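Beneath this line is the structure, given in structure tokens, with notes to follow.
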Amino acid sequence: MPSTTADPRTDGLEGVVMGSTAITMVDGERGRLAYRGFDVSELAGTVPYESVMHLLIFGDPPSADPSPEIDRALRHGRGWPAFVRGVLDALPPDQTPLDALRTVWSALSPSVARYPPTLDEAYPLVALGPTVVAAAAHRRRRTSPPPPRDDLGHVANFLYALTGTEPEPRRVEALETYFVLLADHGMNPSTLALRTVVSARGDLASAFVAAISALKGPLHGGAPREVSAFLDRVRGPERAEAVVREALARGERLPGFGHRIYRVEDPRAVLFHDLARRVAHGSERLEIAEAVERAAVSALSAAHPGRRVYTNVDFYGAIVLETAGLEPDLFTPAFALARTAGWTAHVLEQAGSNRLIHPDLRYDGPIDRGRWPRPPIRPSDRSGATRAR
Ligand code: COA
């Protein structure tokens, strides 16, 4: 396959501003992240996910915590519509929870795009998300999911749905903090995909399907799972330097390091590191992670003196997800579930002042290749021509 020429100044849309947002401020130079003006350090560990979702969508804090409106909508929507069970039953038994969620969202998409999207269309997708992910996880383990509990919050119910046991408070705290810190991050590949669908007046469910598809790869939402696999490979803190060196020598990207926007430490990485120090204190896993961080930051700084590379959200985020008791193939689904709050806000914001998103590509293929190398085939000859070939 012929390849095209890369131009690092424009490729990957780095630094391209495609519109404005009042949802989330990401300041990559100062390492600051704020939802509707509230620094995430103010919210993480203290404000429930439902209230953060409220803030992102409505623009102001709710009247009480957790947000009564969001709490009611999410509790109400977590039961099983019968046809969703049918969709899951039709999937291959080893379908990953992430793919199962994408497929169910796709099945919930209307056949003709409804526009403009409404908040009432988002609630069932967000509320049902944990139920679907947990059911897909049970299916792979050949166990049965428990019926949803409507006396638990959104995050605690997700943990309950996964295990069928009362979730331990420290696990709920870890996962709720994860959900809050991952709830939105301004522009990024999945939010771009989502807003692009809406900009063409697509429906909300189709936009969610586009977003989760863009999230799946290891450079975006697939990264925390790769972090966990990398730490497994290291096995002990004393091996960190050698494993990092070998990986870089093979040209691998170290998962959990680097970011398109942050030129200083990702504030979420700092908060997750603090949380990990608290909830995973003294564990060998944390020691391995810290040894990998030291080795990677020093090797990457030496290799790229002009562009400092630090841990990103997914590095200590993976330790936090492990502490919450999630298996690695639930990490990307957890990321997607957390991000539904931001995706909802972005769908509504895009539809609120919409212009079709339609960027351009620099064409660098051949310009004029003249005539086709064989004589023309008349339409009436077509079936014969296919057979003759
Ligand atoms: N491991 C090894 N090298 C890395 C790296 C990493 N994690 N992150 C960046 N680099 C290197 C790049 O190879 C590049 O080197 P080059 O100029 O010699 O090609 C240089 O640092 C600059 O990075 P760049 O490719 O311009 O960054 P980007 O903005 O295009 O990519 C990421 C950002 C996130 C895709 C990238 O840092 C990465 O692949 N990280 C690992 C995956 C990950 O953790 N993703 C989650 C992101 S939140």
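Predicted, not measured: the structure shown is a model, and the values here were computed from it. Heavy-atom basis, side chains included; hydrogens, waters and symmetry copies ignored. Remember, it's 1-based here, ligands and their atoms both numbered in the order they're listed.
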Give the atom numbers and elements of ligand 1 that come within less than 4.0 Å of a heavy atom of Arg260. 28 (P), 29 (O), 30 (O), 33 (C)
Classify the ring geometry between His154 and Tyr49 as parallel (under 30°), tilted (30 to 60°) or perpendicular (over 60°). parallel
So, are Arg36 and Asp184 salt-bridged, with charged N and O less than 4.0 Å apart? no
For atom 16 (P) of ligand 1, the closest protein heavy atom turns out to be His304 CE1, 3.8 Å
Of Arg253, Glu226, Glu252, the residue with the heavy atom nearest atom 32 (C) of ligand 1 is Arg253
Asp314 heavy atoms within 4.0 Å reach ligand 1 at atoms 46 (C), 47 (C), 48 (S)
Regarding Glu327 and Arg141, does a basic nitrogen lie under 4.0 Å from an acidic carboxylate oxygen? yes
Could you identify which residues cluster with Leu13, counting Ile, Leu, Val, Met, Phe, Trp and Tyr as linked when any side-chain heavy atoms lie under 4.5 Å apart, either directly or through a chain of such contacts? Val16, Met18, Met187, Leu192, Ile357
With atom 47 (C) of ligand 1 as the reference point, say which of Val244, Leu254, Leu219 has the nearest heavy atom. Leu219
So that I can tick it off, tell me whether Asp99 and Lys216 are bridged by a salt bridge, with the cut-off set at under 4.0 angstrom between side-chain N and carboxylate O. yes
Find all atoms of ligand 1 within a distance of less than 4.0 Å from any non-hydrogen atom belonging to His259, and give their numbers and elements. 37 (O), 48 (S)
Flag Pro255 as yes when one of its N or O atoms lies below 3.5 Å from any N or O atom of ligand 1, and as no otherwise. no
Give a yes or no on whether atom 19 (O) of ligand 1 lies under 4.0 Å from any heavy atom of the protein. no
Considering distance alone, does some N or O of Asn312 sit under 3.5 Å from an N or O of ligand 1? yes
So is Gly256 in contact with ligand 1, going by heavy-atom distances below 4.0 Å? yes
Taking 4.0 angstrom as the limit, do Asp314 and Arg268 come out as a salt bridge? no
Where's the contact between Leu300 and ligand 1, heavy-atom distance under 4.0 Å: side chain, backbone, both or neither? side chain
Among protein heavy atoms, which lies nearest atom 23 (O) of ligand 1, and at what distance? Arg307 NE, 4.0 Å
With heavy-atom distances below 4.0 Å as the criterion, list the atoms of ligand 1 near Phe257. 6 (C), 7 (N), 8 (N), 37 (O), 38 (C), 40 (N), 41 (C), 44 (O)
Ala223 versus ligand 1: do any nitrogen or oxygen atoms come within less than 3.5 Å of each other? no
Nearest non-hydrogen protein atom, atom 34 (C) of ligand 1: Gly258 O, 3.8 Å
Honestly, is Arg149 close enough over Tyr160, meaning NZ or CZ under 6.0 Å from the six-membered ring centre and within 45° of the axis? yes
Is Arg140 paired with Asp94 through a side-chain N to carboxylate O contact shorter than 4.0 Å? no
Look at Arg278 together with Glu173 and state whether they make a salt bridge at an N to O cut-off of under 4.0 Å. yes
Between Tyr316 and His273, what is the ring plane arrangement, given parallel below 30°, perpendicular above 60°, and tilted in between? parallel
